[in-house]
Participant: 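Below: one structure in structure tokens.
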Amino acid sequence: MNEHIPVLREVDQGTARLLPDVDRERAWLLTVDGAPQSYVDLDDPAYLEFEYARRLAHVVDGAAGEGEPLDVLHLGGGALSLPRYVAATRPGSRQDVVEADRGLLALVAEHLPLPAGSGVTVHGADARRWLEAAPAASADLIVGDVFGGSRVPAHLTSVEYAREVGRVLRPGGVYAANLADGAPFAFLRSQLATFAAVFPELALVAEPSVLRGRRFGNAVLVASARALDTARLARRAAADAFPARVEHGDALARFTGDAEPVGDAGAVPSPVPPDGAFGIG
């Protein structure tokens, strides 16, 4: 393909566009129906453009010793930004990526192929169904980054889903989810309550302006059965080019408030973002 010509294609969940970055020779932005989904630099897979992706990477960086390989399950694929990051920073990792949009997978495979020997296996399937069929204690890290359009699907927000995450994680494993909400944070608070019903250790990573309710935005939920190194995570998040704050312990409990866990029967998708919250002008 001509590396400077945008690519437009209908995929299962809308209209996908691959837009070249004029500042980086082999870097691309993927959008679906105008909503940014992924950013990939084929020459530098450790470079992450999106703020939420950088925060997920901070969790990856703290999941084991520097450079140690991990077994990772990615629920949601997009253009495979985070799997590429893990493969580059932790060689020898084994990664499964589950993405329901097979048309999107075909687009990414054609125009943004994974390097040989990446250790990444991509599956066209529903994330919840794949998780339920996955072997117990088979993942060091599970990443939840599933958006139907701009919303997290309801079936990936319940206590039953959280229990499956806990079953598939190894002892001491970590779950990290990309979520999106704005004040008064009914969805985000319910997610914290839901995962607190399954995991004793939680943290939340987000830009201060989002946490203060000044704008709609992404927040990364981190959950584990073991104590999280929140001090290290906070240092990494604060020192990032897009600084973020880490809430945990009593502060996170106050943020969660009186929110209740959500079961499958009452689960709802994340809220519709305000116009322009994630769109490309």
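Just so we're clear, the structure is a prediction, and the values are computed from it rather than from any experiment.
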Participant: Checking Thr256 now: which residues fulfil side-chain contact (heavy atoms from CB on, under 4.5 Å) with it, not counting sequence neighbours?
Facilitator: Leu192, Ala193, Leu252, Ala259
Participant: What about Val159 and Val168, same hydrophobic cluster or not, with Ile/Leu/Val/Met/Phe/Trp/Tyr joined at side-chain heavy-atom distances under 4.5 Å?
Facilitator: yes
Participant: Which residues pass the ring-ring contact (aromatic ring centres under 6.0 Å, His included) test with Phe187, not counting sequence neighbours?
Facilitator: none
Participant: Are Ser224 and Glu201 linked by a side-chain donor-acceptor pair shorter than 3.5 Å?
Facilitator: no
Participant: Quick check on the hydrophobic clustering: are Leu75 and Val262 connected, directly or via other members, by side-chain heavy-atom contacts under 4.5 Å?
Facilitator: no
Participant: Look at the side chain of Arg54 and the backbone N and O of Leu48, then say whether any donor-acceptor pair between them is shorter than 3.5 Å.
Facilitator: yes
Participant: Any heavy-atom pair between the side chains of Val32 and Thr15 that's under 4.5 Å?
Facilitator: no
Participant: So which pairs with a foot in residues 53-105 pass ring pair (Phe, Tyr, Trp, His ring centres under 6.0 Å), sequence neighbours left out?
Facilitator: none
Participant: Hey, are the side chains of Val72 and Asp96 touching, using non-hydrogen atoms and a 4.5 Å cut-off?
Facilitator: no
Participant: Once ring-ring contact (aromatic ring centres under 6.0 Å, His included) is applied, do any residues pair with Tyr47, and if so which ones, sequence neighbours excluded?
Facilitator: Tyr39
Participant: Not counting sequence neighbours, which residues clear side-chain contact (heavy atoms from CB on, under 4.5 Å) with Leu105? List them please.
Facilitator: Glu99, Val122
Participant: Sequence neighbours left out, what passes salt bridge (Lys or Arg N to Asp or Glu O under 4.0 Å) with Arg17? Give chain and number order.
Facilitator: none
Participant: Does some side-chain heavy atom of Asp61 sit less than 4.5 Å from a side-chain heavy atom of Glu66?
Facilitator: no
Participant: Below 4.5 Å, heavy atoms only, C-beta onward: do Leu204 and Leu211 meet side chain to side chain?
Facilitator: yes
Participant: Under the side chain to side chain donor-acceptor pair (under 3.5 Å) definition, can you give me all pairs with a residue in residues 165-181, not counting sequence neighbours?
Facilitator: Asp71-Arg170, Asp140-Arg170, Asp145-Asn178, Tyr161-Tyr175, Glu164-Arg167, Asn178-Asn218
Participant: Decide salt bridge (charged side-chain N to carboxylate O under 4.0 Å, His left out) for Arg189 and Asp258; before the verdict, give the C-alpha distance in whole Å, the side-chain angles of both, and the deciding distance to 0.1 Å.
Facilitator: CA-CA 9 Å; Arg189 291 169 66 235; Asp258 60 359; 3.1 Å; yes
Participant: Side-chain contact test, heavy atoms from C-beta onward, threshold under 4.5 Å: evaluate it for Gln37 versus Gln13 and give yes or no.
Facilitator: no
Participant: Any salt bridge between Arg24 and Asp44, counting N to O under 4.0 Å?
Facilitator: yes
Participant: Taking side-chain contact (heavy atoms from CB on, under 4.5 Å) as the test, write out the residues that go with Pro184, two or more places apart.
Facilitator: none
Participant: Return the set of residues passing side-chain contact (heavy atoms from CB on, under 4.5 Å) with Glu260 (not counting sequence neighbours), or none when no residue passes.
Facilitator: none
Participant: Kindly assign one of parallel, tilted or perpendicular to the pair Tyr52 and Phe50, based on the angle between their ring planes and the thresholds 30° and 60°.
Facilitator: tilted
Participant: Please name the pair of heavy atoms, one in Val40 and one in Ser81, separated by the smallest distance, quoted to 0.1 Å.
Facilitator: CG2-OG, 3.6 Å
Participant: Could I get the full list of ring-ring contact (aromatic ring centres under 6.0 Å, His included) partners for His123, not counting sequence neighbours?
Facilitator: Trp130
Participant: Would you please name every residue forming a salt bridge (Lys or Arg N to Asp or Glu O under 4.0 Å) with Glu207, sequence neighbours left out?
Facilitator: Arg215
Participant: Within a reach of under 6.0 Å around CZ of Arg9, are more than 12 heavy atoms found that belong to other residues, nucleotides or ligands?
Facilitator: yes
Participant: Minimum heavy-atom separation for Val146 and Ala127, please, with both atom names.
Facilitator: CG2-CB, 4.1 Å
Participant: Is there any ring pair (Phe, Tyr, Trp, His ring centres under 6.0 Å) pair reaching into residues 225-275, and which pairs are they, with sequence neighbours excluded?
Facilitator: Phe185-Phe255
